[in-house]
Amino acid sequence: MEKKVRVRFAPSPTGGLHLGGVRTVLYNYLFARQHKGDFILRIEDTDQNRYVEGAEEYIQECLKWCGLEPDESPLHGGPYAPYRQSERKEMYREYAEQLVKQGNAYYAFDTPEELEAMRDKFRTEENPSPQYNHSTREKMRSSLTLNDDEVSRLLGEGTPHVIRIKMPENETLSFTDMIRGEVSFNSSLSDDKVLLKGDGMPTYHLAVVVDDYAMKITHAFRGEEWLPSAPVHLLLWKYLGWLEDMPQWAHLPLILKPDGHGKLSKRDGDRLGFPVFAMNWKDSKTAELTQGFRELGFLPEAFINMLAVLGWNDGTEQELYSRDELIERFSLDHVHKGGAKFNYEKAKWFNHEWIKKLPADKWQMTVRKDFEQKGVTIEDEEKFSKVLELVKDRCTLLTDFWEQASFFFKSPETIEVAAVKPKWNEDKAMFFDILAEKLTVQEEWTAANIELLFKETAAEKGIKMGELQLPFRIMLVGGKFGPTVFDIAALIGKTETIGRIRKGLTNIG
RNA sequence: GGAGCGUUGGUCAAGGGGUUAAGACACCUCCCUUUCACGGAGGAAUCACGGGUUCGAUUCCCGUACGCUCUACCA
């Protein structure tokens, strides 16, 4: 019988959740759903130095916002709990000891200073980063070089030590990556990675293997940066006797900086003016706030869609996919091998498309909250809906609605007088004066009626419509933008329209 | 330095021995609109280079170049 598909996203709680991270979550999630499998969130908090308070909750919240919630996690629980590596500490040591007994790993007593000294000693122009490997390990203090009595004594005295894997010499290690096909490495090229640290915590290398095995993970997705350490993991699966259960790997292409080269980082976002994190992230130490896609006005649907097609396509011309469509269409053999530069303009385009595509009630509340935060309370639901419908074509981000629609609810504070002043004259002033009078007695307040009245009055005064529309717009809106003026007048109501004309008249004239 | 991985317009990319080498974003022109957008019609722009294999390579093979990742008691 086929094993049930189980995948996992395994972040370290060290800060904001990066675009690349969300995409890894997405691919995991899509794969799991497509195969009716389980999606697990496992927190890899084995590095006490990098641990950041609140980061785990933040990650959970991001997944929730994206609509990619796990089936098992520290929060939801599950049959393989705990899902936090710090709470699984004991089991890693056991396996590490087992490897030592088998001769596949060893105790190393070198101090950080000794390691540094070793690196300094062997560092040359040709070899800028000397490794702790078959050629150097003979010269270090470990259970490989010390006699048994000495080792037991050191251990007995509680001497700080780590457990390192003993990499074999000259073995070809290969495996089949779901995206890249067969990849192989020479075992001599990898160093003797630390498996268990001095503080008793495992490193990533030991922890992923042990946990993926314990949690019955069948497919493992991770960034391409992990490819070079895959042989170490492969060896661990083998030494621990679990090779049969090793998950299939997929090393995902990286998301690159839009300019220049290299992996996209939070810094690039700050530098180039776009978000990199899914949601706002506030560093608890520096109190520095980094803006997220959510707060900048992105729809989760758009965010997910944009990420899905950054490195994947279904071979057709389609670009807009709902989450369910993605679940149906996603496939690993259409995932690109090369990295993709992030393009913020395109990301915004996706958002614009989703604003137009989604029914307004999906995002209305977000806009409303934004308005209320900026001091405009919505009293008339119906008017609010009509306004949103009227301006949504002009909004790329949800936060654009403020600029495009706030004038429907409050009179513009300043108006762009300069736009009409040069062509302003007595006749025009008179026109608006008469218009205001006529509007006062206008019974049925509709865009069509207002337009009709406007036209008639213009004809009477012998002024062209076009000459008058811009001033009218400036009076109502404050600037040269927005929908048709008559629609605006109809929506803001009679009193307000007349009020803005009068006010505009005094400002311009 | 070494290893691994990668390379189709400015960007995301389809295609995969014979094609006018799709499409999208951005850019340019025009139309619509006497506002700003949306929308519509066009335009410019691409197979990194060199060798093979082949009647024929963007596509397959080998090199080269370039880029990225890794080379921590970080993940």
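Naming: A, B, ... by sequence-line order, numbering from 1 per chain. These numbers were taken from a predicted model, which means no experiment stands behind them.
A/L115 places its CG atom 15 Å from the C1' atom of B/U71, with the value rounded to the nearest Å. Between A/F407 atom CZ and B/C36 atom C1' there is a gap of 10 Å when expressed in whole angstrom units. For the pair A/F401 CZ and B/A37 P, the computed distance is 17 Å after rounding to whole Å. Distance CZ (A/F481) to P (B/U34): 19 Å, rounded to an integer number of Å. Rounded to an integer number of Å, the gap from A/D314 CG to B/G23 P is 17 Å. Between A/W226 atom CH2 and B/C68 atom C1' the separation is 17 Å, expressed in whole Å. Rounded to a whole Å, the CD1 atom of A/I255 is 22 Å from the P atom of B/G67. The interatomic distance linking A/E317 (CD) with B/A22 (P) rounds to 11 Å, in whole Å.
A/H161 comes within contact range of no nucleotide atom at all, as no heavy-atom separation falls under 4.0 Å. At the heavy-atom level, A/L254 lies under 4.0 Å from the strands shown only through sugar-phosphate atoms. Within 4.0 Å (heavy atoms only), A/D192 reaches no atom of the nucleic acid at all. Among the protein residues, A/K348 comes within range of no part of the nucleic acid, since none of its heavy atoms lies under 4.0 Å from any strand. A/G315 comes within contact range of the sugar-phosphate backbone alone, with a heavy-atom separation under 4.0 Å but no base atom that close. Nucleic acid contact class of A/R119 (heavy atoms, under 4.0 Å, all strands): sugar-phosphate only. Across all strands shown, A/P11 has no heavy atoms under 4.0 Å from either base or sugar-phosphate atoms. A/S12 comes within contact range of the sugar-phosphate backbone alone, with a heavy-atom separation under 4.0 Å but no base atom that close.
Neither OP1 nor OP2 of B/C36 sits under 4.0 Å from any side-chain N or O of A/R473. Between A/R42 and the phosphate of B/A75, there is no side-chain N or O to OP1/OP2 separation shorter than 4.0 Å. Side-chain nitrogen and oxygen atoms of A/N313 include none within less than 4.0 Å of the OP1 or OP2 phosphate oxygen of B/A13. Residue A/H205 has no polar side-chain atom (N or O) positioned under 4.0 Å from OP1 or OP2 of B/C70.
In the set B/U35, B/A75, B/U71, B/A75 carries the atom at the smallest distance from any side-chain atom of A/T46. The listed nucleotides are B/C74, B/U71, B/A26; the one nearest the side chain of A/D47 is B/C74. Taking only side-chain atoms of A/P128, from C-beta outward, the nucleotide of B/A75, B/G1, B/A72 with the closest atom is B/G1. Checked against B/A22, B/A75, B/A72, the side chain of A/E225 finds its nearest nucleotide in B/A75. Closest to the side chain of A/N127, from the set B/U35, B/G1, B/C74, is B/G1. When distances run from any side-chain atom of A/T203 to the nucleotides B/A72, B/A13, B/A75, the shortest one goes to B/A75.
Counted by atom type alone, A/W402 and A/D370 present zero donor-acceptor pairs between their side chains at under 3.5 Å. Between the side chains of A/D177 and A/H251, a donor-acceptor pair is found at a separation under 3.5 Å. Looking at A/Y92 and A/D211, their side chains do bring a donor and an acceptor atom within 3.5 Å of each other. One side chain, A/E97 or A/Y107, offers a donor N or O that lies under 3.5 Å from an acceptor on the other. Under the 3.5 Å distance criterion, with hydrogens and angles disregarded, a donor-acceptor pair is assigned to the side chains of A/Q318 and A/R329.
Taking atom C1' on both nucleotides, B/U46 is separated from B/C27 by 16 Å, rounded to a whole Å. Across the P atoms, B/U58 and B/G39 are found 37 Å apart, a figure rounded to whole Å. Between B/C5 and B/A22, the two C1' atoms lie 28 Å apart (nearest whole Å). Distance check on atom P: B/C36 versus B/C31 gives 14 Å, rounded to whole Å. As rounded to the nearest Å, B/C47 and B/C30 have C1' atoms that lie 31 Å from one another. When the C1' atom is compared between B/A13 and B/G1, the two are found 35 Å apart, to the nearest whole Å. Annotation: B/G51 and B/C68 have their P atoms spaced 28 Å apart (nearest Å). Annotation: B/G4 and B/U8 have their C1' atoms spaced 23 Å apart (nearest Å).
A salt bridge is absent between A/R141 and A/D110; no separation between the charged side-chain nitrogens and carboxylate oxygens falls under 4.0 Å. A salt bridge is absent between A/E114 and A/K139; no separation between the charged side-chain nitrogens and carboxylate oxygens falls under 4.0 Å. Using a cutoff of 4.0 Å between basic side-chain nitrogens and carboxylate oxygens, A/E467 and A/K428 are scored as salt-bridged. Using a 4.0 Å cut-off between charged nitrogen and carboxylate oxygen, A/R394 and A/E403 do not count as a salt-bridge pair. Under the 4.0 Å criterion applied to side-chain N and carboxylate O atoms, A/K348 and A/E345 are assigned as salt-bridge partners.
Aromatic rings of A/F9 and A/F221 (six-membered ring for Trp) have centroids beyond the 6.0 Å cut-off, not under it.
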Q. Could you run down nucleotides 2-12 of chain B 5' to 3' and tag each one B, S or - for protein heavy-atom contact under 4.0 Å?
A. -SSSS----BS
Q: Would you mind building the protein contact string for nucleotides 38-45 of chain B? One character per nucleotide, 5' to 3', B for base within reach (heavy atoms under 4.0 Å), S for sugar-phosphate only, - for untouched.
A: SS------
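Residue-to-nucleotide proximity on RNA chain B shows that, of A/P160 and A/T484, the 5′-proximal contact is made by A/T484.
Ring-plane geometry between A/W312 and A/F330 is classed as tilted, the angle between the planes lying from 30 to 60 degrees on a 0 to 90 degree scale. Between A/W226 and A/H233, the ring planes are tilted. Angles from 30° to 60° get that label.
B/C66 shows a glycosidic angle more than 90° from 0 and is accordingly assigned anti.
Geometrically, A/R164 engages A/Y132 in a cation-pi contact defined by less than 6.0 Å to the ring centre and at most 45° from the axis.
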Q) Using Watson-Crick and G-U wobble pairs whose two distances are both under 3.5 Å, how do you write the pairing of RNA chain B as dot-bracket, with | for links to another strand? A) (((((((..(((.....[....))).(((((.......)))))....(((((..]....))))))))))))....
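When all heavy atoms of A/V52 and A/T14 are compared, the closest pair comes out as CG2-O, 3.4 Å.
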